[in-house]
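Notes follow the structure.
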Amino acid sequence: VHAHYGLSGLLACLQRIKPVVITFHGSDIYHSILNRFLSFIGSRLSTKNIFVHKDQIGMIPFSNNKSEIIPCGVDVDIFKPINKDLAKSKMGLDIDRKYILFSSHFSNKVKNYNLAKKVVNSLNAKVGLVELKDFSIEEVNLLLNAVDLLLVTSIRETGPMIVKEAMASGCPIISNDVGDVKYVVQGIDGCSVVSSNQFEDFTEIINVLLEDESRIKGRQRIMDLNLDTMSIAEKI
């Protein structure tokens with residue numbers, strides 16, 4: 001049994017007939033002491049543990065001896081570059097307007113919508129901020145091709161999938177320094193990691209990118225890091 005998320009893994013481990021592998025994704029470790037405690041119990045009962053980021057292992061004591069670090073993979077057959085105007089048309093967006101994609105839904109407190117709102121309101125141009133909510137996976141790819149950039153302002157992350165999907169789609173990325181974002185986007189023109197949570201620091205970079213309008217060459221990075229789904233599947 002391969003269980004995703006620590007609490008699901010603990011439940012799966014309550015039966016002792018089939019071996020259980022648990023993948024810990026982050027919120028099962030970081031969000032509350034109770035979640036971390038239950039995840040710890042699951043990690044002790046499991047046959048093998050998978051962590052999507054190296055920092056997670058240190059949060060679960062005594063797990064090193066049966067743990068692997070395997071990040072989540074990206075389906076590069078779905079997430080791929082397409083024509084920007086076509087993507088806008090399919091998603092009902094104004095072809096002549098600029099858009100920024102927020103990394104989640106606005107009500108998700110961990111994603112820090114308040115900071116994103118301050119950033120967008122401070123830009124030189126009037127820009128639409130798109131909420132990532134209730135879209136199919138194919139529609140997410142269309143959005144990543146339709147918008148001018150992806151904005152990540154999260155309080156904490158491990159390895160945000162939307163960043164990797166944006167890389168595969170060629171969408172510029174502005175993020176604060178959370179999880180593995182700096183590692184994934186390092187050296188890619190059109191991607192920036194902001195070390196502070198001051199909206200002014202985001203604003204300056206975004207204004208430049210909105211003028212440039214170039215797409216990023218991030219797809220090959222996903223392949224080079226072996227983050228495509230086939231590579232990840234083989235490791236699992």
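By the neighbour-count criterion of 12 heavy atoms within 6.0 Å, atom NZ of Lys66 is densely surrounded, having more than that number from other residues, nucleotides or ligands. With a 6.0 Å radius and a threshold of 12 heavy atoms from other residues, nucleotides or ligands, Ile33 has its CD1 atom at or below the threshold. Few gaps surround NZ on Lys48; more than 12 heavy atoms of other groups in view lie less than 6.0 Å from it. Counted within 6.0 Å of CD on Glu138, heavy atoms from surrounding residues, nucleotides or ligands total more than 12; the atom is thus considered enclosed. In Glu200, the CD atom is crowded: over 12 heavy atoms of neighbouring residues, nucleotides or ligands sit closer than 6.0 Å. The local environment of CZ in Phe135 is crowded, with over 12 non-hydrogen atoms from other residues, nucleotides or ligands closer than 6.0 Å. Residue Met230 places its CE atom among 12 or fewer non-hydrogen atoms of other residues, nucleotides or ligands, all under 6.0 Å distant.
Remark: Cys13 pairs with Arg16, Val20, Ile22, Leu45, Ser46 by the side chain to side chain contact (heavy atoms under 4.5 Å, CB included) rule, at least two apart or across chains. Shown here are the side chain to side chain contact (heavy atoms under 4.5 Å, CB included) partners of Ser107, two or more places apart in sequence or in another chain: His105.
Although no hydrogens or angles enter the test, the distance criterion places no donor-acceptor pair under 3.5 Å between the side chain of Ser39 and the main chain of Arg36. One N or O on the side chain of Asn207 and one on the backbone of Thr203 form a donor-acceptor pair closer than 3.5 Å. Glu234 places no side-chain N or O within donor-acceptor distance of the main-chain N or O of Ser231, the cut-off being under 3.5 Å. A donor-acceptor contact shorter than 3.5 Å is absent between the side chain of Ser89 and the backbone of Asp85. At least one donor-acceptor pair under 3.5 Å links the side chain of Asn49 to the backbone N or O of Ser43. Counting only distance, with no hydrogens or angles, the side chain of Asn83 and the backbone of Leu86 share a donor-acceptor pair below 3.5 Å. Distance alone, capped at 3.5 Å, is enough to place a donor-acceptor pair between the Gln15 side chain and the Ile17 backbone.
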Worked verdict on Ile100 versus Val147 for side chain to side chain contact (heavy atoms under 4.5 Å, CB included)
CA-CA 6 Å; Ile100 291 175; Val147 301; over 6 Å; no
Checking side chain to side chain contact (heavy atoms under 4.5 Å, CB included) for the pair Leu129/Tyr99: CA distance, chi angles, key distance, verdict?
CA-CA 6 Å; Leu129 183 62; Tyr99 292 93; over 6 Å; no
Steps toward side chain to side chain contact (heavy atoms under 4.5 Å, CB included) verdict (Ile60, Ile29):
CA-CA 8 Å; Ile60 300 291; Ile29 297 173; 4.1 Å; yes
Check step by step if side chain to side chain contact (heavy atoms under 4.5 Å, CB included) holds for Ile216 and Asp189.
CA-CA 6 Å; Ile216 67 170; Asp189 291 338; over 6 Å; no
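Between Glu165 and Cys171 the shortest side-chain heavy-atom distance does not fall below 4.5 Å. Proximity of His53 to Ile69: side-chain heavy atoms (C-beta onward) are nowhere separated by under 4.5 Å. Between Leu93 and Leu143, some side-chain heavy-atom pair lies under the 4.5 Å cut-off. Taking 4.5 Å as the limit, some side-chain heavy atom of Phe199 sits within range of a side-chain heavy atom of Val119.
Atoms NZ and CG, from Lys118 and Asn112 in turn, are 9.0 Å apart once rounded to the nearest 0.5 Å. Rounded to the nearest 0.5 Å, atoms NZ (Lys90) and CD (Glu139) are 11.0 Å apart. One distance of note links CD1 of Ile188 with CD of Gln220; it measures 9.5 Å at 0.5 Å rounding. Put simply, CD1 on Ile174 and OG on Ser103 are 13.0 Å apart, with the number rounded to the nearest 0.5 Å. Atom CZ of Arg221 and atom SG of Cys191 lie 8.5 Å apart (nearest 0.5 Å). Residue Lys182 holds its NZ atom at 11.0 Å from CG of Asn176, rounded to the nearest 0.5 Å.
For the pair Glu213 and Lys98, the salt-bridge criterion is met [side-chain N within less than 4.0 Å of a carboxylate O]. The existence of a salt bridge linking Lys235 and Glu68 is excluded, since no basic side-chain nitrogen approaches an acidic carboxylate oxygen closer than 4.0 Å. Look at Lys164 and Asp228 and you find no salt bridge, because none of the NZ, NE, NH1 or NH2 atoms lies under 4.0 Å from a carboxylate O.
Here the closest non-hydrogen pair linking Gly6 and Asp28 is N-OD2, 2.8 Å. In terms of heavy-atom proximity, Pro172 sits nearest to Arg215 at CD-NH1, 3.7 Å. Contact detail for Met59 and Tyr30: the closest heavy-atom pair is CG-CE2, 3.6 Å. The minimum heavy-atom distance linking Ala3 with Ala12 is given by the pair CB-CB, 4.3 Å. Shown here for Ser67 and Ile57, the closest heavy-atom pair between the two residues is CB-CD1, 4.4 Å. Across all their heavy atoms, Val184 and Leu225 have their closest contact at CA-CD1, 4.2 Å.
Each of Leu151, Leu149, Leu150 was checked for a side-chain contact (heavy atoms from CB on, under 4.5 Å) with Leu101, and the lone residue meeting it is Leu150. Between Asp201 and the options Ser195, Ser192, Ser196, a side-chain hydrogen bond (donor to acceptor under 3.5 Å, both in side chains) holds for only Ser196.
Note on Val181 and Val52: separate hydrophobic clusters, where clusters join Ile, Leu, Val, Met, Phe, Trp and Tyr whose side-chain heavy atoms are under 4.5 Å apart, directly or indirectly. Residues Val152 and Tyr183 share a hydrophobic cluster, clusters being chains of Ile/Leu/Val/Met/Phe/Trp/Tyr side chains in contact below 4.5 Å. In terms of hydrophobic clustering, with Ile, Leu, Val, Met, Phe, Trp and Tyr side chains grouped at heavy-atom distances under 4.5 Å, Val193 and Met161 are assigned to a common cluster. Placement of Leu11 and Ile41 in two distinct hydrophobic clusters is found when ILVMFWY residues are connected by side-chain heavy-atom separations under 4.5 Å, directly or transitively. Phe79 and Ile162 end up in the same hydrophobic cluster when Ile, Leu, Val, Met, Phe, Trp and Tyr side chains are linked at under 4.5 Å.
For the residue pair Tyr5 and Asn35, a side-chain donor N or O sits within less than 3.5 Å of a side-chain acceptor on the partner.
Within the structure, the side-chain hydrogen bond (donor to acceptor under 3.5 Å, both in side chains) test picks out the following pairs touching residues 144-158 (sequence neighbours left out): Lys84-Asp148, Lys111-Glu157, Asn141-Asn145, Ser154-Glu157.
Relative orientation of the Tyr113 and Phe106 rings is parallel, given thresholds of 30° and 60° on the angle between their planes.
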